[in-house]
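Chain letters run A, B, ... following the sequence lines, proteins first and then strands; every chain starts at 1. Source: prediction; values computed, not measured.
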Number of protein chains: 2
Amino acid sequence: MFVRITDRTYRPNSLSDFGMTTSTNQIVSLSEFTYKKGREIFGEKEPAEFVFQVKQGAVRTYKLLSDGRRQISAFHLAGDIFGLENGAVHRFTAEAVTQTTVRLVRRQSLEAGAETDAVVTRNLITMTTDNLQHAETHMLLLGRKNALERVAAFLLEMDRRMVPGSQMSLPMSRRDIADYLGITLETVSRALSRLKAENVIGFVGENHREIVLTDRIRLETFDMPA
Amino acid sequence: MFVRITDRTYRPNSLSDFGMTTSTNQIVSLSEFTYKKGREIFGEKEPAEFVFQVKQGAVRTYKLLSDGRRQISAFHLAGDIFGLENGAVHRFTAEAVTQTTVRLVRRQSLEAGAETDAVVTRNLITMTTDNLQHAETHMLLLGRKNALERVAAFLLEMDRRMVPGSQMSLPMSRRDIADYLGITLETVSRALSRLKAENVIGFVGENHREIVLTDRIRLETFDMPA
DNA sequence: CGACGAGTTGACTTCTCTCAATGAAGGTGG
DNA sequence: CCACCTTCATTGAGAGAAGTCAACTCGTCG
């Protein structure tokens, strides 16, 4: 249950072990750690000691209301950095969606790097700005799109971000998708069924998370761009 | 109609005219400009030449869908900085909610300042992070709160941000509030009527934008915190 | 093998939207 | 200064989209 606390006693190597490559825009660190499915990586209001990069797997970050309603603000896939959007204290909870390996660096070290290296600084700003842009786009979705548009937008976003290929394998459950899109899991399921019935998407494997975009053009019309 | 284009040919004074005070965390510039109610300050996809600070009045920033649905991402009140959250190109439209005076600085100058001054850099990051935090909180509202909770949260936010006093004078219309909260103006109106009927708020003037929070404690219970 | 979790689907409910009417406020021009 | 027009806000009635509750299927896993 609280293995994660033990987990987080793990310490990455010190300052000299990481750097930032301008070419890849990724924080590079030799420090890695793996979380099992559903494990909490950090909790809301905890001090933000580390910044993370997903090496493999997927992470969800979310906020809760007191009665349990959940809003997932983002899914972080391989390559993505998370935990940076926070200040001294984490502003939401991060959990492993599937078994996930992350690289981590001390936040303090990063900030020290930013003091002396303008490139590191610029990258920090860029990453924060990217997060902000994603949040803005998502606000438009949450505030003004209907269920079908939300699900279409989600599929297109995931298709764009996941490894290229004819099909995609979604790591997250229908409930996760629902909490990301601000609807219920039943509504997600109905929207997917409708898209399947109209031959816009197809289900591939026997679990229902392998999806192929049969008609991307039509899917984009469901999404409805600005 | 296109006066704003003329407006924007106005040029702020050069680099030497602005700086950033660490004590107030505000960009200081002698360059000012005033927009009439409803005027566009900048449009989505326009090059982001300036960063703005509201001196007086209020600004809304929003995104549109092709069919006209609008999502206001934020209201910027006196003292607030906006246009920074953007990259080289503005990611949304900014309009004056009421007659509004802004200070402005060239974006390029700011970036030059960031190169040489770590304090400026830190403030830039802080401001972007603040925007991000607001967006995250708003995603929770848009994705998971009901109409009454949204309106209650809005009133508490405005009360917190506007000049202290027993009552507040909202600069924006019901439609603006609705597009900020992801509901319709009728639903906003009904929620306000209900809060008034329950003596949680009161209307003061003869226009319906002067509001007093009669029972802040109860209003907070309607909002429902995390 | 059985329990459990995930997903789908149906029936019904509910919340918000849509459409419409009304009244008040504010701006404009004669 | 006032009549007129437009905009804004409120309120009601009905429609509709999404939520809730529940049943059922299908893998997975102990």
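- Protein atom CD1 of A:I211 is 13 Å distant from nucleotide atom C1' of C:dT8, rounded to whole Å.
- C:dC15 atom P lies 14 Å from atom CZ of B:R150, rounded to whole Å.
- Using a 4.0 Å heavy-atom cutoff across all strands shown, A:N207 reaches no nucleic acid atom at all.
- Side-chain contact between B:E136 and A:T61: absent, with no pair of heavy atoms (C-beta onward) separated by less than 4.5 Å.
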Report, one line per pair, each donor and acceptor closer than 3.5 Å where one atom sits in a side chain of residues 188-200 of chain B; sequence neighbours left out.
residue: B:S193; atom: OG; partner: B:S189; partner atom: O; Å: 3.0
residue: B:R194; atom: NE; partner: B:E198; partner atom: OE2; Å: 2.9

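- Note: CG (B:N146) to C1' (C:dC17) measures 15 Å, nearest angstrom.
- Between B:F33 and B:F52, the gap from one ring centroid to the other reaches at least 6.0 Å.
- Heavy-atom contacts from other residues, nucleotides or ligands closer than 6.0 Å to CD of B:Q56 number 12 or fewer.
- When the C1' atom of C:dG7 is taken as reference, atom CD1 of A:I201 falls 13 Å away, rounded to whole Å.
- Evaluation of the ring pair (Phe, Tyr, Trp, His ring centres under 6.0 Å) rule for A:H76 yields A:F82 as partners, not counting sequence neighbours.
- Screening residues 167-187 of chain A for salt bridge (Lys or Arg N to Asp or Glu O under 4.0 Å), with sequence neighbours left out, gives A:R60-A:D176, A:R70-A:D176, A:R70-A:D179, A:D179-B:R144.
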- prompt: So B:K55 and B:E32, salt bridge (Lys or Arg N to Asp or Glu O under 4.0 Å) or not? Walk me through it.
  reply: CA-CA 8 Å; B:K55 189 189 176 197; B:E32 293 188 356; 3.2 Å; yes

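- Following rounding to the nearest Å, B:R69 (CZ) and D:dA17 (C1') show an atom-to-atom distance of 13 Å.
- Sequence order on DNA chain D of the closest nucleotides to A:L148 and B:R175 puts B:R175 first from the 5' end.
- What separates CG of B:L181 from C1' of C:dT16 is a distance of 14 Å, to the nearest Å.
- At a threshold of 4.5 Å between non-hydrogen side-chain atoms, the residues B:L77 and B:M162 count as touching.
- Taking atom CD of A:E206 as the reference point, atom C1' of D:dC26 lies 10 Å away to the nearest angstrom.
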Just the atom pairs and distances: protein N or O near nucleotides 4-8 of chain D's N or O, under 3.5 Å.
residue: D:dC8; atom: O3'; partner: B:R209; partner atom: NH2; Å: 3.4

field: salt bridge (Lys or Arg N to Asp or Glu O under 4.0 Å) between A:R91 and A:E46, worked out
entry: CA-CA 8 Å; A:R91 292 199 301 269; A:E46 285 186 13; over 6 Å; no

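- Atom CZ of A:F203 and atom P of C:dA6 are 17 Å apart (whole Å).
- Terminal axes of the helix from C:dC1-D:dG30 to C:dG30-D:dC1 (five pairs each, C1' rotation axis) are separated by 40°, to the nearest 10°.
- The shortest side-chain heavy-atom distance between A:R150 and A:Y180 does not fall under the 4.5 Å cut-off.
- The shortest distance between side-chain heavy atoms of B:P47 and B:H90 does not fall below 4.5 Å.
- Distances shown here put every side-chain N or O of B:H208 at or beyond 4.0 Å from the OP1 or OP2 atom of C:dA25.
- Listed in residue order, the members of residues 182-198 of chain A having a heavy atom less than 4.0 Å from DNA chain C are A:L185, A:E186, A:S189, A:R190, A:S193.
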